[in-house]
Number of protein chains: 2
Amino acid sequence: MEPGQIDVVRRFNRAVTRRVGALSDEYLSRDRSLGLSRLLWEVEPDGSEVRVLRSRLALDSGYLSRQLRRLESDGLVTTDPDSDDGRVRKVRLTEAGVAERATLDLASDELAASILDPLTDGQRGHLVAAMTEVERLLLASQVRIEITDPRAPDARYCLRSYFEELQRRFDTGFNPTRSISASDDEMTLPNGLLLVATAQGTPVGCGALKLHAETRIADVKRMWTSPDTRGLGLGRRILERLADEATTRGMQTLRLETNRTLTEARHLYETAGFTQIEAFNDEQYAHHWFERNLER
Amino acid sequence: MEPGQIDVVRRFNRAVTRRVGALSDEYLSRDRSLGLSRLLWEVEPDGSEVRVLRSRLALDSGYLSRQLRRLESDGLVTTDPDSDDGRVRKVRLTEAGVAERATLDLASDELAASILDPLTDGQRGHLVAAMTEVERLLLASQVRIEITDPRAPDARYCLRSYFEELQRRFDTGFNPTRSISASDDEMTLPNGLLLVATAQGTPVGCGALKLHAETRIADVKRMWTSPDTRGLGLGRRILERLADEATTRGMQTLRLETNRTLTEARHLYETAGFTQIEAFNDEQYAHHWFERNLER
DNA sequence: TCCATTCTCTGACCGTCGTCAGAGAATGCT
DNA sequence: AGCATTCTCTGACGACGGTCAGAGAATGGA
């Protein structure tokens with residue numbers, strides 16, 4: 001990393017958090033305190049469970065409870081026991097609460113407008129483009145990749161999304177039972193592993209290995225990235241991490257097969273040290289087979 | 001303004017203030033509270049006056065006083081009466097205070113690195129470029145232009161900077177007494193006016209008008225922008241604001257003269273509706289004379 | 001010399017944020 | 001049925017951010 005880059009990021013942090021941050025506090029806390037506004041903002045239109053709010057805002061249960069009482073006494077929300085589980089309580093916006101949220105919405109628009117207004121059209125375009133880029137790359141920098149149990153909820157979500165996407169994109173549709181397996185057991189150490197990438201706690205991608213100790217070959221399976229994080233180099237990061245994990249577990253070769261409709265995946269493999277080889281299995285959904293040597 | 005732009009700015013505000021903001025709070029408030037860290041940060045190495053700190057951080061005098069006592073009891077600063085004015089007190093960092101600031105500095109670097117680290121080289125370059133752009137344009141959007149008394153400190157600063165720059169840039173140097181005047185009186189209504197542009201309270205540019213009621217001609221004088229805000233379209237904004245002010249005061253024509261070494265100024269005038277005309281005065285430092293019709 | 005002003009500090013106060021301990025109700029498991 | 005667990009709430013407390021009023025010392029101008 002070049003040293004000047006750190007200075008740029010430092011200056012950016014300082015400038016933006018102080019200026020935009022202070023401004024948004026001013027705009028969003030018309031009369032209500034900032035914490036209350038934020039809470040009001042997080043309540044889903046069709047009701048949120050208290051425990052969900054608590055974990056999302058990372059609040060103490062006692063504190064949150066008091067905040068809710070305050071919003072209730074202002075007539076902005078109601079909380080009733082959940083119909084399924086009597087311990088859980090559900091928070092709903094009242095009519096007044098919906099109205100209050102709309103004014104918050106408006107204030108947020110005004111804040112944005114107050115930044116854009118003084119600029120020329122051209123400057124606005126540049127600013128918006130640069131902001132989009134910063135946001136995208138900040139998101140990318142917050143992605144964490146961890147070995148995850150394939151039975152965990154985040155892993156389940158990724159695998160389900162993966163199958164759904166194949167079903168959509170393959171000419172023939174996709175039926176997992178007719179494809180070569182990668183069962184939960186096969187994706188659990190020591191048989192293999194599953195990497196799940198998360199950003200801000202939400203899963204955004206995955207990739208798995210099936211390890212074959214005898215042949216020292218690892219199969220790459222279940223490579224998937226969520227549509228909103230495409231273009232952030234996330235697939236490449238997962239792939240490199242898979243290669244690392246395979247290497248440290250004594251593998252010599254990575255192998256994988258892919259479908260012709262997944263062009264961006266094929267491009268990734270071709271530029272990540274893989275070479276196309278003869279079919280090494282009879283996966284019926286595959287048109288291309290790749291291999292990469294892990295030794296250097 | 002396009003509606004989509006507001007959404008981008010809103011998302012950006014939300015994303016950056018929450019993520020970077022929360023992170024920097026975490027990094028910068030190791031054990032000390034955030035307010036104290038910020039205060040420590042603002043103390044100049046060779047001592048700051050209490051009143052300067054108060055105005056810069058916009059703190060209540062009582063509150064600041066207590067904060068200082070706290071830093072004192074931690075052994076990080078000392079406050080002694082100023083030698084010139086016994087009412088004023090000066091805050092100085094102790095050795096421990098300097099050390100503490102260095103650790104804050106380090107924490108700030110770490111925060112920046114934690115954002116850059118997970119990215120590829122290419123992504124880092126893009127992020128840094130986009131952050132620079134956002135910072136520049138946010139600065140531009142915070143510039144306010146106001147009619148200012150030429151005797152006010154901000155105005156004095158701009159005019160002095162203007163003269164210094166001419167002295168530096170003209171082939172012949174610049175001697176105000178040998179140039180056509182624009183005295184304080186001539187830049188005060190109803191004779192004329194001075195616009196001063198400020199960003200975050202610091203002056204960054206100026207421009208003046210001399211109004212001639214009989215001929216309905218206004219002379220543009222003292223056009224200057226600070227070196228760190230060049231390229232933000234600030235000169236153009238000042239010029240357009242001068243045109244507005246002249247129009248609302250019944251003027252029909254803007255006139256100005258400029259030196260051949262000020263190429264960026266000449267380009268500005270040429271693209272802002274001015275046309276070059278014959279010399280209309282004997283300004284000895286001028287090589288080009290321009291005019292713009294204010295009526296449409 | 002007198003008086004208004006400037007500057008800093010202390011005392012008193014309030015609301016917000018955040019934490020801890022524990023009570024009470026509902027649930028799930030054995 | 002018994003018991004551990006989950007979820008929410010109340011009470012109590014403390015640190016922090018922020019404001020107001022006024023005291024006390026120093027200053028500058030009439």
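Proteins come first, then strands; the chains are lettered A, B, ... in the order of their sequence lines, and each starts at number 1.
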message: Heavy atoms from C-beta onward define the side chain here; which of D:dC9, C:dG18, C:dC9 lies closest to that of A:Ser65?
response: D:dC9
- prompt: Below 3.5 Å, does any donor atom in the side chain of A:Ser61 face an acceptor in the base of D:dC7, or the other way round?
  reply: no
query: CG of B:Leu68 versus C1' of C:dC7: gap in Å, rounded?
result: 13 Å
message: Between B:Ser161 (side chain only) and B:Tyr157 (backbone N and O only), is there a donor and an acceptor less than 3.5 Å apart?
response: yes
- request: Scan side-chain atoms only and decide if A:Glu72 and A:Thr79 contain a donor-acceptor pair under the 3.5 Å cut-off.
  value: yes
query: Without hydrogens or angle criteria, can the side chains of A:Thr132 and A:Arg136 be said to hold a donor-acceptor pair below 3.5 Å?
result: no
statement: Picking from D:dG17, D:dT8, C:dC7, the nucleotide nearest the side-chain atoms of A:Arg51 would be D:dT8
- request: Take the protein atom CZ of A:Arg87 and the nucleotide atom C1' of C:dG24, then report the distance between them rounded to whole Å.
  value: 13 Å
- request: Let me see the working for A:Asp105 and B:Arg10 under salt bridge (Lys or Arg N to Asp or Glu O under 4.0 Å), right down to the final yes or no.
  value: CA-CA 10 Å; A:Asp105 219 28; B:Arg10 283 186 53 167; 2.9 Å; yes
Minimum-distance nucleotide (side-chain atoms of B:Arg54 versus C:dC9, D:dT8, C:dT8): C:dT8
statement: Per atom distances to the A:Arg69 side chain, the nearest of D:dT10, C:dC9, D:dG17 is D:dT10
- line: In whole angstroms, the gap separating C1' of D:dT8 from CG of A:Asp85 amounts to 11 Å
Any N/O donor-acceptor pair, A:Arg66 side-chain to D:dG11 base, under 3.5 Å: yes
- request: In whole angstrom, give the distance that lies between atom CG of A:Leu39 and atom P of C:dT16.
  value: 14 Å
- prompt: So what does B:Gly35 touch, heavy atoms closer than 4.0 Å: a base, only the sugar-phosphate, or nothing?
  reply: sugar-phosphate
task: Using atom CG of B:Leu64 as one end and atom C1' of C:dT8 as the other, report the distance to the nearest whole Å.
output: 9 Å
